[in-house]
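We count residues from 1, following the sequence as given. When reading the values below, keep in mind they use all heavy atoms of this one structure, side chains included, and skip hydrogens, waters and symmetry mates. All values reported here derive from a predicted model rather than from experimental measurement.
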Amino acid sequence: MEIRNQTEFLLLGLTDDPTLQPLIFSLFLSMYLVTILGNLLIILAVSSDPHLHTPMYFFLCSLSLNDICFITSTIPKMLLNIQTQDQSITYTGCLSQVCFVIIFAVLENFLLAVMAYDRYVSICYPLSYTTIMKLCLCVLLLLTYLSISTVDALFDTLIILRLSFCTALEIPNFFCELPQIIKLACSDTLIDNILIYVETCIFAGLPLSGIIFSYIHIVSSILTIPSSEGKHKAFSTCGSHLSVVSLFYGTAFGVYISSAVTDSPGKTAVASVMYTVVPPMLNPFIYSLRNRDMKEAVRMLISRIASLI
């Protein structure tokens, strides 16, 4: 039996063991609150410190805001399902969740790439940095990347709309993930899978290639610096970004490999946590602990808040 535009899906979550649900609820609620507070702290710290009103920190604030939106597109619904003991999500709700997850995941790729480009210009062309990385260019790049991400997400949503589904609409994950939804379709999905692989190569491969290209030139430029102190200072400006890039792409590739080598739905769901929850939660800590200017701005912000209490 085939059903088009089915009224609801079932999100099976991370486990079907009812005794573990309170623990999972507490754990993910804590992770969600830490992510929101950590990224808000980054945004407020940068906004309150005039010395950080530079392209690098403009994109960092954009990344923090994107991480807040990214995790908000999945975790609140998961927490609500656990609290109400209702695994269902409407067809429209599932489509919306797929759309927003793709928007913020693709935008994350582009933001990491443009932050690498910012470091490339800063280190390789320091005298031209302020001329090249103007605020209007930064805003234009951000709006362009957001538009591209939105168009890609809408295209993927149209892919789902043309599918026919069977009666067993159980998604073995805690959110509506595009590949999992396509697996539920009764209609032929060969073309759809090919389109998704092409999209992944474009919207993940191109930004990653840009990051690699930027850092090849950055390393080459740094190696020409005669003093070890100068080399260390140049490398230190890239350390936080490299850590975030490694975390995001490392977890994303981990999810891909996990889904390719295992048929266990539970392991796939746990792997999905690694790229949808862990990077947004850890990014603020990476930037605040590894970046001296950011650390000082956060310290001043906390002192200012404490003085008002």
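- Here the CG-OG distance, from Leu247 to Ser243, works out to 8.5 Å after rounding to the nearest 0.5 Å.
- For the atom pair OH (Tyr249) and CD1 (Ile212), the distance works out to 9.0 Å, reported to the nearest 0.5 Å.
- Val106 and Ser149 get closest at one heavy-atom pair: CG1-OG, 3.4 Å.
- For the pair Tyr32 and Val277, the minimum side-chain heavy-atom distance is 4.5 Å or more.
- In this pair, Tyr117 and Tyr120 present their aromatic rings tilted. The plane angle is within the 30 to 60° band.
- The shortest distance between side-chain heavy atoms of Arg119 and Ser214 does not fall below 4.5 Å.
- Taken to the nearest 0.5 Å, the CG atom of Leu11 stands 5.0 Å off from the CD1 atom of Ile89.
- Taking each heavy atom of Lys77 and Ser88 in turn, the nearest pair found is NZ-O, 3.3 Å.
- Closest non-hydrogen pair, Leu154 versus Cys99, comes out as CD2-SG, 4.2 Å.
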- Task: Mind running ring pair (Phe, Tyr, Trp, His ring centres under 6.0 Å) on His241 and Tyr215 for me, showing each step along the way?
- Result: CA-CA 11 Å; His241 179 255; Tyr215 275 103; 5.7 Å; yes
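- Rounded to the nearest 0.5 angstrom, Thr144 OG1 and Leu140 CG are separated by 4.0 Å.
- Proximity of a side-chain donor or acceptor of Glu108 to a complementary backbone N or O of Pro280 within less than 3.5 Å is not detected.
- Contact detail for Leu52 and Ala45: the closest heavy-atom pair is CD1-O, 4.3 Å.
- Val114 and Ile202 end up in the same hydrophobic cluster when Ile, Leu, Val, Met, Phe, Trp and Tyr side chains are linked at under 4.5 Å.
- With Ser221 contributing its side chain and Ile218 its backbone, the two residues share no donor-acceptor pair below 3.5 Å.
- Taken to the nearest 0.5 Å, the OG1 atom of Thr15 stands 6.5 Å off from the CD atom of Gln21.
- In this structure, His217 has its ring center under 6.0 Å from that of Phe213.
- A side chain to side chain contact (heavy atoms under 4.5 Å, CB included) with Asn283 is found for one member of Leu60, Leu63, Val278 and no other, namely Leu63.
- Other residues, nucleotides and ligands contribute over 12 non-hydrogen atoms within 6.0 Å of the CZ atom of Phe58.
- Hydrophobic clustering of Ile, Leu, Val, Met, Phe, Trp and Tyr side chains at less than 4.5 Å, counting indirect connections, keeps Leu80 apart from Leu27.
- Closest heavy-atom contact between Ile159 and Arg162: O-CG, 3.0 Å.
- In this structure, Phe70 has its ring center no closer than 6.0 Å to that of Phe104.
- Looking at heavy atoms from C-beta onward, Leu112 lies out of side-chain contact with Pro207 at the 4.5 angstrom threshold.
- Under the 3.5 Å distance criterion, the side-chain polar atoms of Ser187 are left unmatched by any main-chain donor or acceptor of Leu163.
- Atoms CG and CG, from Leu111 and Asp118 in turn, are 12.0 Å apart once rounded to the nearest 0.5 Å.
- No side-chain heavy atom of Ile171 sits under 4.5 Å from any side-chain heavy atom of Leu10.
- The 12-atom threshold is not exceeded at NZ of Lys134, counting heavy atoms of other residues, nucleotides or ligands nearer than 6.0 Å.
- Here the side chain of Glu170 pairs no donor or acceptor atom with the backbone of Leu12 at under 3.5 angstrom.
- The shortest side-chain heavy-atom distance between Leu158 and Leu161 falls under the 4.5 Å cut-off.
- Looking only at side-chain heavy atoms (C-beta outward), Phe174 and Ile24 stay at 4.5 Å or farther from each other.
- Between Asn109 and Phe203, the closest side-chain pair of non-hydrogen atoms is not below 4.5 Å.
- Under the 4.5 Å side-chain criterion, counting only non-hydrogen atoms from C-beta, Leu178 is not in contact with Val101.
- No donor-acceptor contact under 3.5 angstrom links the side chains of Tyr287 and Ser64, judged on distance only.
- At distances below 3.5 Å, at least one donor-acceptor pair connects side-chain atoms of Thr90 with backbone N or O atoms of Gly93.
- The cluster map of Ile, Leu, Val, Met, Phe, Trp and Tyr, joined by side-chain heavy atoms under 4.5 Å apart, puts Ile182 and Tyr91 in the same cluster.
- Under the 4.5 Å side-chain heavy-atom criterion for Ile, Leu, Val, Met, Phe, Trp and Tyr, Leu107 and Leu137 are members of the same hydrophobic cluster.
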- Message: side chain to side chain contact (heavy atoms under 4.5 Å, CB included), that's the test. Do Ser73 and Thr276 meet it? Break it down for me.
- Response: CA-CA 10 Å; Ser73 64; Thr276 58; over 6 Å; no
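- Connection of Val198 to Leu195 is established within a shared hydrophobic cluster, with ILVMFWY side chains joined at heavy-atom distances below 4.5 Å, either directly or through further cluster members.
- Side-chain atoms of His51 never come within 3.5 Å of backbone atoms of Val46 as a donor-acceptor pair (strictly under, hydrogens ignored).
- In terms of heavy-atom proximity, Ile68 sits nearest to Ile43 at CD1-CD1, 4.3 Å.
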